[in-house]
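In what follows, a single structure is set out as structure tokens and then discussed.
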There are 2 protein chains.
Amino acid sequence: MDLQLSVDRGSPVPLYFQLSQQLESAIERGRLAPGSLLGNEIDLAGRLGLSRPTVRQAIQSLVDKGLLVRRRGIGTQVVHSQVKRPMELSSLYDDLEAAGQRPATQVLRQDVEEATAEVAAALAVPEGTEVLLVERLRLAHGEPMAHMRNHLPADLISPKAAELETTGLYRLLRGAGVTLHSARQTVGARVADAAEAQLLAEDEGAPLLTMQRTTYDDTGRAVEYGSHLYRASRYSFDFQLLVRP
Amino acid sequence: MDLQLSVDRGSPVPLYFQLSQQLESAIERGRLAPGSLLGNEIDLAGRLGLSRPTVRQAIQSLVDKGLLVRRRGIGTQVVHSQVKRPMELSSLYDDLEAAGQRPATQVLRQDVEEATAEVAAALAVPEGTEVLLVERLRLAHGEPMAHMRNHLPADLISPKAAELETTGLYRLLRGAGVTLHSARQTVGARVADAAEAQLLAEDEGAPLLTMQRTTYDDTGRAVEYGSHLYRASRYSFDFQLLVRP
DNA sequence: CAGTGGTCTAGACCACTGA
DNA sequence: CAGTGGTCTAGACCACTGC
């Protein structure tokens, strides 16, 4: 197994990160075959001129991603199956863009309102607090995909309609210095009523996927509550789970 | 912040794990308030008689769980929001049991069959390979919740119907020595046809959640492919996501 | 038995934050 | 500036695996 592994000590990139990236790309390119053993940590450290803890840190990050499996007494193996990304906190805009679907957005509404009981509870603010409401229609290839209603604390961002039409909400939040940390989601289904059907170019009674999501920043503050409708004929949630050890 | 932290060096439980458990329970009991600083790692190590890397390992595991946030130059803080469990690879049986719903199962069918193209592709076996097909109806409080069709390689387990009625499939797999590792899922929606409606005690045209899942063990072998239908009026998927740093 | 990963130590220097 | 987490080293011993 003659992988060309090497680290650059002059680089500001941490050594363990350089190594984990090289291993990850070797796995992705198939240079490290599924099921193959990685070779023991001590040798690897010696060959690279690194200490064992540093090598372990690199390997551990790939184990956490699900690309490698360690077995005591055996060694470290490349997982057989192609693990794709675990479910990420991504916006529909990013998802569509990544799929090459050239998303478009129509901003239907953008107002500052007083929080209803539902929104206040989700954002953990007093009822009646001013919140920004953004209502959008997401299109792909000119076809409606989803209707999205988002509520945000009014002091976070004040996006222009043009910004909302050319980028995702999460990108705007990150640009405003918000560090997204976690989200709580509920995915369900229901059938379209007449108004929803017309908005999404479906028939009344068509199946819709519903998703409610509250997103928190790293201080634990709720920064967004979304309540969305997706056309089930055009969209499904697709994701990977890792079993926590 | 006078937490009674201590480690038992005689215990076979790793020191970092003892510490992370004590910190986690302190956070859950509210003894470590959200937003409070944890105190620096060097002091903590000194007070416990541990080395700094060991303390860091304990803290890191809680950061990975989303309970703590580190900020360079600032310190380590308890996250404000109550983070619940991230989405787990759990069976509906376990989910219902955890919710106190006393699940029940009707085994509708249990056969060894030849894999269809769909199943063969999902399990990565040749078409026509013998696979175990299990078809079940999951009930809670006597009401149908979901219709579940699972396909498994025929050589893994041969469960008795009684076992299938009193436990989840994943528990049976774990009991057979299978280490579950990851799963790929797709969640969608559609409306019930006449047969599905009757089976699930819904009306024709009622909304259903669909879920297809392929589960892999730690060698990357596909050990289960499931194709399930949930009554949207009774069930939704509820989960937490962490943003990968 | 030899070889593997799992855990742990006691230091070191750096980068970033806030006062 | 002092204090924090981020990274890194060079060892050590243990637990588990397979031969």
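Lettering follows sequence order; numbering is per chain, from 1.
- Between A:T76 and C:dT4, a side-chain N or O to OP1/OP2 separation shorter than 4.0 Å is absent.
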Hey, can you pull the donor-acceptor pairs under 3.5 Å for the side chains in residues 123-134 of chain B, sequence neighbours left out?
unit_1 : atom_1 : unit_2 : atom_2 : d
B:T129 : OG1    : B:P126 : O      : 2.5

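- Note on A:N40: a side-chain N or O is less than 4.0 Å away from OP1 or OP2 of C:dT4.
- Legend: residues meeting side chain to side chain contact (heavy atoms under 4.5 Å, CB included) with A:P14, ordered by chain and number and at least two apart, are A:Y16, A:F17.
- With sequence neighbours left out, B:D43 forms a side chain to side chain contact (heavy atoms under 4.5 Å, CB included) with B:N40.
- Protein atom CD of B:Q60 is 16 Å distant from nucleotide atom P of C:dC8, rounded to whole Å.
- Side-chain contact check for B:Y170 and B:E224: at least one donor-acceptor pair (N or O, by modelled atom type) lies under 3.5 Å.
- Judged by closest nucleotide on DNA chain D, B:G75 is the one of A:F17 and B:G75 placed further toward the 5' end.
- Applying the side chain to side chain donor-acceptor pair (under 3.5 Å) test to pairs two or more places apart or on separate chains, those with a residue in residues 51-62 of chain A are A:E41-A:R52, A:E41-A:R56, A:S51-A:T54, A:Q60-A:D64, A:Q60-A:R70.
- Side-chain proximity of B:Q57 to D:dG5, D:dT7, C:dT7: nearest is C:dT7.
- Salt bridge annotation for B:D155-B:R221: present, with a cationic side-chain nitrogen under 4.0 angstrom from a carboxylate oxygen.
- For B:Y16 and C:dC8, the OH to C1' distance is 12 Å, given to the nearest whole Å.
- For A:V178, the side chain to side chain contact (heavy atoms under 4.5 Å, CB included) partners two or more places apart in sequence, or in a different chain, are A:L156, A:L173, A:L180, A:D217, A:V223.
- Residues that satisfy the side-chain hydrogen bond (donor to acceptor under 3.5 Å, both in side chains) test with A:E113, not counting sequence neighbours, are A:R109.
- Residue B:R71 is classed as a sugar-phosphate contact, given heavy-atom separations below 4.0 Å to backbone atoms only.
- Going from atom CD1 of A:I42 over to atom P of C:dG6 covers 12 Å, rounded to whole Å.
- Atom CZ of A:R56 is separated from atom C1' of C:dC8 by 11 Å (rounded to the nearest Å).
- The distance from atom CG of B:L37 to atom C1' of C:dT17 is 13 Å, rounded to the nearest whole Å.
- Looking at residues two or more places apart in sequence or on another chain, you find a side chain to side chain contact (heavy atoms under 4.5 Å, CB included) between B:A122 and B:T214, B:Y225.
- Distances were taken from every side-chain heavy atom of A:R70 (C-beta onward) to each of C:dC8, D:dG6, C:dG6; the shortest belongs to C:dG6.
- Partners of B:T105 by side-chain hydrogen bond (donor to acceptor under 3.5 Å, both in side chains), not counting sequence neighbours, listed by chain and number: B:R138.
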Between the protein and nucleotides 15-19 of chain D, which nitrogen or oxygen pairs come in under 3.5 angstrom?
unit_1 : atom_1 : unit_2 : atom_2 : d
D:dA15 : O4'    : A:R72  : NH1    : 3.4

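- Legend: salt bridge (charged side-chain N to carboxylate O under 4.0 Å, His left out) pairs involving residues 16-26 of chain B, not counting sequence neighbours, sorted by first then second residue: B:E24-B:K65.
- Spacing between atom CD of B:Q18 and atom C1' of C:dC8 amounts to 13 Å, rounded to whole angstrom units.
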query = With Watson-Crick and G-U wobble geometry limited to distances under 3.5 Å, how should the secondary structure of DNA chain C be encoded in dot-bracket form, using | for bases paired to another strand and [ ] for crossing pairs?
reply = ||||||||||||||||||.

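- Contact of the B:L23 side chain with the B:L38 side chain is registered, since non-hydrogen atoms from C-beta on lie closer than 4.5 Å.
- Here D:dG6 presents its P atom at 7 Å from CD of B:E41, a figure rounded to the nearest Å.
- Atoms CD (B:Q77) and C1' (C:dG18) sit 14 Å apart, rounded to a whole Å.
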Dump every N/O contact between nucleotides 9-12 of chain D and the protein below 3.5 Å, one line per pair.
unit_1 : atom_1 : unit_2 : atom_2 : d
D:dT9  : OP1    : A:R9   : NH2    : 2.7
D:dT9  : OP2    : A:S51  : N      : 3.0
D:dT9  : OP2    : A:S51  : OG     : 2.8
D:dT9  : OP2    : A:T54  : OG1    : 2.6
D:dA12 : N6     : A:R52  : NH1    : 3.2

